[in-house]
Amino acid sequence: MNRLCGQLGIKYPIFQGGMGNISNAILTSAVSEAGGLGTIGAGTMNSGELEEIIQQTKEMTDKPFAVNIAIGVSPYVDELIELLIKHRVPVVSLSAGDPTAFIERFHNAGIKVVTVVGSVRHAQKAEVAGSDVIVAEGYEAAGINSNYESTTLTLIPQIVDKVTVPVVAAGGIADGRGLAAMLALGASGVQIGTRFIVTKEAPFSKEYKHKILSATDTDTVIVGRTVKRVRRVLKSPYSKKLLEFEGSPDYTLAKFSEFTSEKFHKIGAVDGNLEEGFINGGQISGIINDIPTVKELVERMIAEAELVMNSLIKKL
């Protein structure tokens, strides 16, 4: 069995990325039921909002799932930690901040800790702090990314060489070829987000799914670079407004954070209003061209990865 799978009690080494306030029990449970690790992104939810999704997820699956807390984004970190311990959530994913102060509390409750990083130094610090798994995310990924802007292809082998815990690759992965490539680089698994948006179970707007299905290799854009808050989104009327605002004298981190808050995320992703809200999307959007069930997608990725790896052996 894959080391990562054995450690977390999952069948396949495929994680769902945290999706902030558009997270839901339907998609999370579908990923876990398919053998991967479904993930609820806490975003800026309070404990009551998050608890409702956790309870719904528990009702829909008895398989392991995770909750992601973006430390530097959530205003409710302490109460969310208590909530996850109360519910004995099997896996906690920590991102957007230093996880050191929180890991021991989760371990004492028997909870595995995954830390999301964007550099070798942060990966090493996460391992020293006690992280069980490290997700190394390249800036091809959708949503908030590291200001270092390292690519997945360069980041994974460098981190794998410097830590001993399992490494999961994130950013620019949507099929079995990507999974095989990351395994070849030394990763133990992959984390994907954009690809899971375009599945039958994912309860997002048809406008969001259509934008991904019709995307080309140049249909994402980085916003927030000038205030050191790198975020990759799909091109849309709202992202155009964000880019235009970026060049104005009134542009500040506070204003950018306001206009890219989870409120506007939901308007775009859930309501489908691309004039008044944004939609996250990874650079891999251009290869996504169908809407499978989550189970079909996960099993197809595994089968394709095995086929790719076997064919590579014959080419040597």
Side-chain angles (χ1 to χ4, degrees), residues 15-31 38-46 49-50 52-53 56-57 66-70 73-74 93 95-96 116 137 140-145 170-171 173-174 191-215 219-224 229-243 245 256-286 288-294 297:
F15 290 12
Q16 174 194 356
M19 295 179 177
N21 290 42
I22 69 168
S23 288
N24 56 84
I26 299 169
L27 182 57
T28 300
S29 61
V31 175
T39 302
I40 303 166
T44 57
M45 297 181 207
N46 61 39
E49 293 170 315
L50 181 59
E52 184 176 351
I53 299 176
Q56 290 171 351
T57 303
V67 173
N68 170 256
I69 299 177
V73 174
S74 173
S93 165
S95 61
V116 183
E137 185 173 68
E140 297 96 324
I144 298 172
N145 279 306
I173 304 151
Q191 176 171 289
I192 59 178
T194 305
R195 175 67 266 201
F196 278 134
I197 296 292
V198 191
T199 54
K200 284 187 167 63
E201 293 91 337
F204 306 120
S205 67
K206 65 180 185 298
E207 290 83 2
Y208 193 179
K209 294 184 180 184
H210 174 73
K211 284 291 286 186
I212 295 173
L213 288 170
S214 61
D219 277 332
T220 69
V221 65
I222 292 290
V223 295
R229 190 61 59 85
V230 172
R231 180 189 281 272
R232 186 175 297 282
V233 298
L234 284 160
K235 290 180 179 177
S236 68
Y238 193 78
S239 71
K240 184 178 180 181
K241 293 177 189 177
L242 290 174
L243 287 171
F245 177 55
F256 174 77
S257 298
E258 177 186 345
F259 295 143
T260 56
S261 69
E262 290 299 314
K263 169 187 173 182
F264 295 104
H265 186 193
K266 292 180 78 171
I267 289 172
V270 179
D271 298 342
N273 183 346
L274 305 186
E275 292 281 347
E276 302 298 331
F278 67 91
I279 44 177
N280 293 325
Q283 282 187 309
I284 204 64
S285 296
I288 298 171
N289 55 27
D290 66 346
I291 308 180
T293 66
V294 169
L297 173 62

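Quantities reported herein were computed from a predicted structural model and do not represent experimental measurements. Just so you know, residue 1 is the first one in the sequence shown, and it goes up from there. Heavy-atom basis, side chains included; hydrogens, waters and symmetry copies ignored.
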Engineer: Could you measure the distance from the CD atom of Glu49 to the CG atom of Asn21? Nearest 0.5 Å is fine.
Structural biologist: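 If I round to the nearest 0.5 Å, the distance is 7.0 Å.
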Engineer: Got a sec: does the NZ of Lys235 have more than 12 other heavy atoms crowding it under 6.0 Å?
Structural biologist: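 Yes.
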Engineer: Between Glu262 and His265, do the side chains contain an N or O donor and an N or O acceptor separated by less than 3.5 Å?
Structural biologist: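 Glu262 vs His265: donor-acceptor pair found between side chains.
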Engineer: Only counting residues at least two apart or in another chain, list the ones meeting side chain to side chain contact (heavy atoms under 4.5 Å, CB included) with Ile26.
Structural biologist: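 Ile26 satisfies side chain to side chain contact (heavy atoms under 4.5 Å, CB included) with Asn24, Met60, Glu201, Pro203 only.
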Engineer: Looking only at non-hydrogen atoms, find the nearest pair between Lys209 and Ile197 and report the distance.
Structural biologist: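 Taking Lys209 first and Ile197 second, the nearest heavy atoms are CE-O, 3.3 Å.
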Engineer: Let me confirm one number: the CG-CD1 distance from Leu243 to Ile222, rounded to the nearest 0.5 Å.
Structural biologist: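 Those atoms lie 10.0 Å apart.
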Engineer: In the structure I gave you, are the side-chain heavy atoms of Phe204 and Leu27 within less than 4.5 Å of one another anywhere?
Structural biologist: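 The answer is yes; the side chains approach within 4.5 Å.
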Engineer: For Arg232, which residues count as a salt bridge (Lys or Arg N to Asp or Glu O under 4.0 Å) partner, sequence neighbours excluded?
Structural biologist: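 Once residues adjacent in sequence are excluded, Arg232 has no partner under the salt bridge (Lys or Arg N to Asp or Glu O under 4.0 Å) criterion.
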Engineer: State the CD-CD distance between Glu207 and Glu275, to the nearest 0.5 angstrom.
Structural biologist: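 Taking CD in Glu207 and CD in Glu275, the distance rounds to 11.5 Å.
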Engineer: Is there a donor-acceptor pair under 3.5 Å between the side chain of Asp271 and the backbone N or O of Ala269?
Structural biologist: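 Answer holds: no.
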Engineer: Provide the closest heavy-atom pair for Ala42 versus Val67 in the form atom of the first, atom of the second, distance.
Structural biologist: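 Minimum heavy-atom separation between Ala42 and Val67: CB-CG1, 4.5 Å.
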Engineer: When you measure from the side chain of Ser239 to the backbone of Val233, do you find a donor-acceptor pair of N or O atoms at a distance under 3.5 Å?
Structural biologist: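 Not at all, since once roles are kept as given, no pair shorter than 3.5 Å links the two residues.
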Engineer: If you round to the nearest 0.5 Å, how far is NZ of Lys266 from OG of Ser205?
Structural biologist: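 Output value for this atom pair is 13.0 Å.
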Engineer: Can you name the closest pair of heavy atoms from Pro292 and Leu297 and give their distance?
Structural biologist: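 Distance-wise, the nearest heavy atoms are CG-CB, 3.9 Å.
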Engineer: Can you check whether Val31 reaches Thr39 side chain to side chain, under 4.5 Å on heavy atoms?
Structural biologist: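 They are not in contact (no side-chain heavy atoms under 4.5 Å apart), so the answer is no.
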Engineer: Using 30° and 60° as the class limits, which term best fits the ring planes of Phe264 and Phe259: parallel, tilted or perpendicular?
Structural biologist: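 Judged by the thresholds at 30° and 60°, the geometry between Phe264 and Phe259 is perpendicular.
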Engineer: What is the minimum heavy-atom distance between Ser285 and Ala215, and which atoms define it?
Structural biologist: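 Distance-wise, the nearest heavy atoms are CB-CB, 3.8 Å.
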Engineer: Within a strict 4.5 Å, meaning less than it, do heavy atoms of the Val221 and Leu242 side chains meet?
Structural biologist: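 No; the side chains remain at least 4.5 Å from each other.
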Engineer: Tell me, yes or no, whether the heavy-atom count around Glu258 atom CD, taken from other residues, nucleotides or ligands under 6.0 Å, exceeds 12.
Structural biologist: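 Buried by this count: over 12 neighbours within 6.0 Å.
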Engineer: Tell me, do Lys241 and Glu276 make a side-chain contact under 4.5 Å, heavy atoms counted?
Structural biologist: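 Yes, their side chains come closer than 4.5 Å.
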Engineer: Heavy atoms only: give me the nearest Asp290-Arg195 pair and the separation to one decimal.
Structural biologist: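 Smallest interatomic distance, heavy atoms only, reads O-NH2, 2.7 Å.
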Engineer: Nearest 0.5 angstrom please: Ile53 CD1 to Ser29 OG, how far?
Structural biologist: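 Those atoms lie 11.5 Å apart.
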Engineer: For Lys200, is the NZ atom crowded, meaning more than 12 foreign heavy atoms sit under 6.0 Å from it?
Structural biologist: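 Counting other residues, nucleotides and ligands, NZ of Lys200 exceeds 12 neighbours.
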Engineer: For the residue pair Gly18 and Asn68, what are the closest heavy atoms and their distance?
Structural biologist: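 The pair with the smallest heavy-atom distance is CA-CB, 4.4 Å.
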Engineer: Pick one: which of Leu213, Leu234, Val270, Val198 meets side chain to side chain contact (heavy atoms under 4.5 Å, CB included) with Tyr208?
Structural biologist: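 Passing option: Leu234.
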Engineer: Measuring from atom CG of Leu50 to atom OG of Ser23, what distance do you get when rounded to the nearest 0.5 angstrom?
Structural biologist: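 Separation between the atoms: 9.0 Å.
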Engineer: So do Ile173 and Ile284 actually touch side chain to side chain, heavy atoms under 4.5 Å?
Structural biologist: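 Sidechains of Ile173 and Ile284: no contact.
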